[in-house]
Asker: 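Structure provided below as structure tokens; questions to follow.
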Protein chains: 2
Amino acid sequence: MQTSDDTALDLTARPLRIERAALHDKIVERLHDLITEGGLEPGERINERELAERLAVSRTPLREALRVLAAEKLVTISPNYGTFVTRMTRQEIHDTFELMSALERFSGELASLRITAEELADVREAHEAMLGHWQRHDLPAYYHANQRIHDLINRAARNDALRQTYLSLNRRLHPLRLSSNRSEAKWRKAVEEHRDMMSALEARDGPALGALMERHLLEKRDAVLADWADG
Amino acid sequence: MQTSDDTALDLTARPLRIERAALHDKIVERLHDLITEGGLEPGERINERELAERLAVSRTPLREALRVLAAEKLVTISPNYGTFVTRMTRQEIHDTFELMSALERFSGELASLRITAEELADVREAHEAMLGHWQRHDLPAYYHANQRIHDLINRAARNDALRQTYLSLNRRLHPLRLSSNRSEAKWRKAVEEHRDMMSALEARDGPALGALMERHLLEKRDAVLADWADG
DNA sequence: ATATTGCGTAATGAATGCAAAAAACAATGT
DNA sequence: ACATTGTTTTTTGCATTCATTACGCAATAT
């Protein structure tokens with residue numbers, strides 16, 4: 001079935017390089033996981049030699065990886081002193097959530113304009129799943145579905161710069177191991193807001209969805225800061 | 001006048017380290033400048049050995065700096081192949097400006113709530129200066145004053161995460177050497193919009209200022225993309 | 001003549017070694 | 001007993017060296 005002008009991969013096409021991940025990039029990924037999953041606690045000192053041994057690499061690529069993580073503010077480097085897993089201040093947490101609220105609003109506005117029918121069905125599906133987890137009081141599954149909804153809307157906005165920035169800020173907040181929705185009432189309220197968001201999205205009402213998502217995140221900000229001990 | 005409990009610097013206080021910039025951090029700064037000021041052109045290949053010689057450092061700290069710049073998307077690294085000054089695609093430029101428009105709107109909204117009288121006076125001063133440069137057709141000075149206005153508003157928003165993100169995106173766009181306002185009419189329109197923005201800010205009308213700033217940037221996006229040859 | 005294969009060269013990637021800075025500890029003096 | 005100073009040890013910072021990969025050119029075969 002092969003002909004000279006079919007759709008098979010054209011190996012003569014120019015750059016199309018196979019990018020085998022470099023070691024330092026793999027280390028970045030590994031440390032991302034360690035930090036966001038809790039293998040490295042906020043405030044913890046990172047000993048280069050020790051960590052290099054644990055990862056079975058030399059200090060050189062590890063140091064390159066740590067510089068990347070510092071640029072993403074996941075670790076904080078003090079020259080000639082040491083590297084630490086970033087511990088955000090109250091103000092930084094406040095500011096980051098506030099910025100996220102603006103990105104969420106923008107995601108909602110753009111997604112309302114650009115989402116396809118299939119994507120909308122995916123969001124609806126994740127939404128229904130989330131409602132189920134809520135009724136079953138399955139908090140971890142609820143969080144996961146929640147994240148998925150916001151991610152789907154973010155993708156539907158079709159703006160990669162927005163998406164990258166959003167993910168980067170999300171990674172910074174993740175190590176906090178956020179514990180809101182601790183009261184039944186607040187949880188119910190969050191679910192109600194999601195119902196409204198779903199309606200606005202299906203009506204493709206950008207301003208409404210944007211306002212809802214912004215408000216949703218600002219409430220999360222307040223909830224997180226409320227039960228966050230400053231130590 | 002020295003007493004035991006005066007306000008002099010307490011040298012016994014704990015970390016308070018003097019952070020002497022490390023070499024790789026200086027290299028990052030230097031390359032920032034080289035890229036945004038045009039010493040390194042978009043698309044240009046970076047030869048590690050050669051650049052290390054030019055900067056009179058070894059490849060190790062240079063490589064660390066390049067990883068940081070890659071995290072900021074100012075350079076693009078292809079493993080085992082080479083490092084290049086990032087050349088943005090049309091889509092990336094579109095997305096980045098679009099995201100910037102959201103950040104500008106948010107800056108405007110927050111600044112309207114939080115700006116002090118002194119800061120407002122500074123903005124007014126920069127605004128008047130910009131008008132002067134416009135009347136004298138001094139484009140470089142106009143750009144500078146323009147940047148200063150947006151920067152002052154951004155600072156007045158009092159959100160460091162917003163500010164850092166804004167500056168990072170700005171750096172990415174800077175190497176494009178943007179040339180809009182090429183027609184007298186568009187320039188005049190931009191100035192008019194700035195007058196409106198100034199009024200909204202002085203009236204502390206957040207929604208109005210936000211909407212104006214968003215629109216202002218989206219128009220800039222369109223202008224830039226309009227006279228941007230894809231090669 | 002063109003395409004392909006093989007070799008030499010130059011680039012990037014990573015590990016090791018050495019210098020400098022800081023922290024921890026011990027010793028000494030008050 | 002406490003503070004202070006000197007010494008040792010640890011850790012970070014950078015340069016150098018070695019390994020691996022990719023590119024360029026020539027030689028050869030079709």
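Below, chains carry the letters A, B, ... as their sequence lines are ordered, and counting in each starts from 1. For the numbers below, each heavy atom of this structure counts, side chains included, while hydrogens, waters and symmetry mates do not.
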Asker: Does a side-chain N or O of B/Asn47 approach OP1 or OP2 of C/dA11 to a distance below 4.0 Å, or not?
Answerer: yes
Asker: Determine the contact category for A/Ile46: base if any of its heavy atoms lies under 4.0 Å from a base atom, sugar-phosphate if only primed atoms, P, OP1 or OP2 are that close, otherwise nothing.
Answerer: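 It contacts sugar-phosphate atoms only.
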Asker: Rounding to an integer number of Å, can you tell me how far A/Ile77 CD1 sits from C/dA22 P?
Answerer: 16 Å
Asker: It should be established whether B/Arg63 places a side-chain nitrogen or oxygen under 4.0 Å from OP1 or OP2 of nucleotide C/dG13.
Answerer: yes
Asker: Is the phosphate of D/dG13 approached by B/His24 (side-chain N or O, under 4.0 Å from OP1 or OP2)?
Answerer: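 Answer no for this pair, as no side-chain N or O of B/His24 is under 4.0 Å from OP1 or OP2.
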Asker: Among D/dG13, D/dA22, D/dA15, which nucleotide has an atom closest to any side-chain atom of B/Val57?
Answerer: D/dA15
Asker: Heavy atoms only, 4.0 Å cut-off, all strands: where does B/Arg45 land among base, sugar-phosphate and nothing?
Answerer: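 The answer is nothing, as B/Arg45 stays clear of every strand by at least 4.0 Å.
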Asker: Which one, C/dA21, C/dG13, C/dT12, comes nearest to the side chain of A/Asn80?
Answerer: C/dA21
Asker: Quick one: is C/dA15 close enough that its OP1 or OP2 comes under 4.0 Å of any side-chain N or O from A/Ser58?
Answerer: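 Yes, because at least one side-chain N or O of A/Ser58 sits under 4.0 Å from OP1 or OP2 of C/dA15.
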Asker: Provide, to the nearest angstrom, the distance between the CG atom belonging to B/Leu66 and the C1' atom belonging to C/dA11.
Answerer: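 Between C1' of C/dA11 and CG of B/Leu66: 14 Å.
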Asker: Starting at CZ of A/Phe84 and ending at C1' of C/dA23, how long is that distance when rounded to a whole Å?
Answerer: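 To the nearest whole Å, that distance equals 12 Å.
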Asker: Please say which of B/Leu225, B/Asp222, B/Leu217 ends up in a side chain to side chain contact (heavy atoms under 4.5 Å, CB included) with B/Phe97.
Answerer: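 Answer after filtering B/Leu225, B/Asp222, B/Leu217: B/Leu217.
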Asker: Given atom CD of B/Glu50 and atom C1' of C/dA11, what is their separation to the nearest angstrom?
Answerer: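 Atom-to-atom, B/Glu50 to C/dA11, this comes out as 12 Å.
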Asker: Measure from CD1 on B/Ile27 to P on D/dC14 and round the result to the nearest Å.
Answerer: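 Atom-to-atom, B/Ile27 to D/dC14, this comes out as 7 Å.
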Asker: Rounded to whole angstroms, how far apart are CZ on B/Arg67 and P on D/dG13?
Answerer: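 Whole-Å distance recorded here is 17 Å.
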Asker: Considering residues at least two apart in sequence or located in another chain, which fulfil the salt bridge (Lys or Arg N to Asp or Glu O under 4.0 Å) criterion with A/Asp151?
Answerer: A/Arg155, A/Arg163
Asker: Given that B/Glu64 and B/Arg59 both sit by DNA chain D, which one's nearest nucleotide is further toward the 5' end?
Answerer: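 So the residue in question is B/Glu64.
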Asker: Is A/Arg105 close enough and on-axis enough to B/Phe106, meaning under 6.0 Å and within 45°, for cation-pi?
Answerer: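 That pair does not qualify as a cation-pi contact.
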Asker: If you look only at distance, which donor and acceptor atoms sit under 3.5 Å apart when one is on a side chain in residues 113-120 of chain B and the other is two or more places apart or in another chain?
Answerer:
unit_1	atom_1	unit_2	atom_2	d
B/Arg114	NH1	A/Glu98	OE1	3.0
B/Arg114	NH1	B/Ala157	O	3.0
B/Arg114	NH2	A/Glu98	OE1	3.4
B/Arg114	NH2	A/Glu98	OE2	2.7
B/Thr116	OG1	B/Glu119	N	3.1
B/Thr116	OG1	B/Glu119	OE1	3.3
B/Glu119	OE1	B/Thr116	N	3.0
B/Glu119	OE1	B/Arg158	NH1	3.1
B/Glu119	OE2	B/Arg158	NH1	3.2
B/Glu119	OE2	B/Arg158	NH2	3.0

Asker: With nearest nucleotide decided by heavy atoms, which residue, A/Glu48 or B/Ala56, maps closer to the 5′ end of DNA chain D?
Answerer: A/Glu48
Asker: What integer distance in Å separates A/Tyr81:OH from D/dT11:C1'?
Answerer: 12 Å
Asker: Starting at CG of A/Leu62 and ending at C1' of D/dC14, how long is that distance when rounded to a whole Å?
Answerer: 15 Å
Asker: Would you call the rings of A/Tyr142 and A/Trp187 parallel, tilted or perpendicular, where under 30° means parallel and over 60° means perpendicular?
Answerer: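 The rings of A/Tyr142 and A/Trp187 stand perpendicular, inter-plane angle above 60°.
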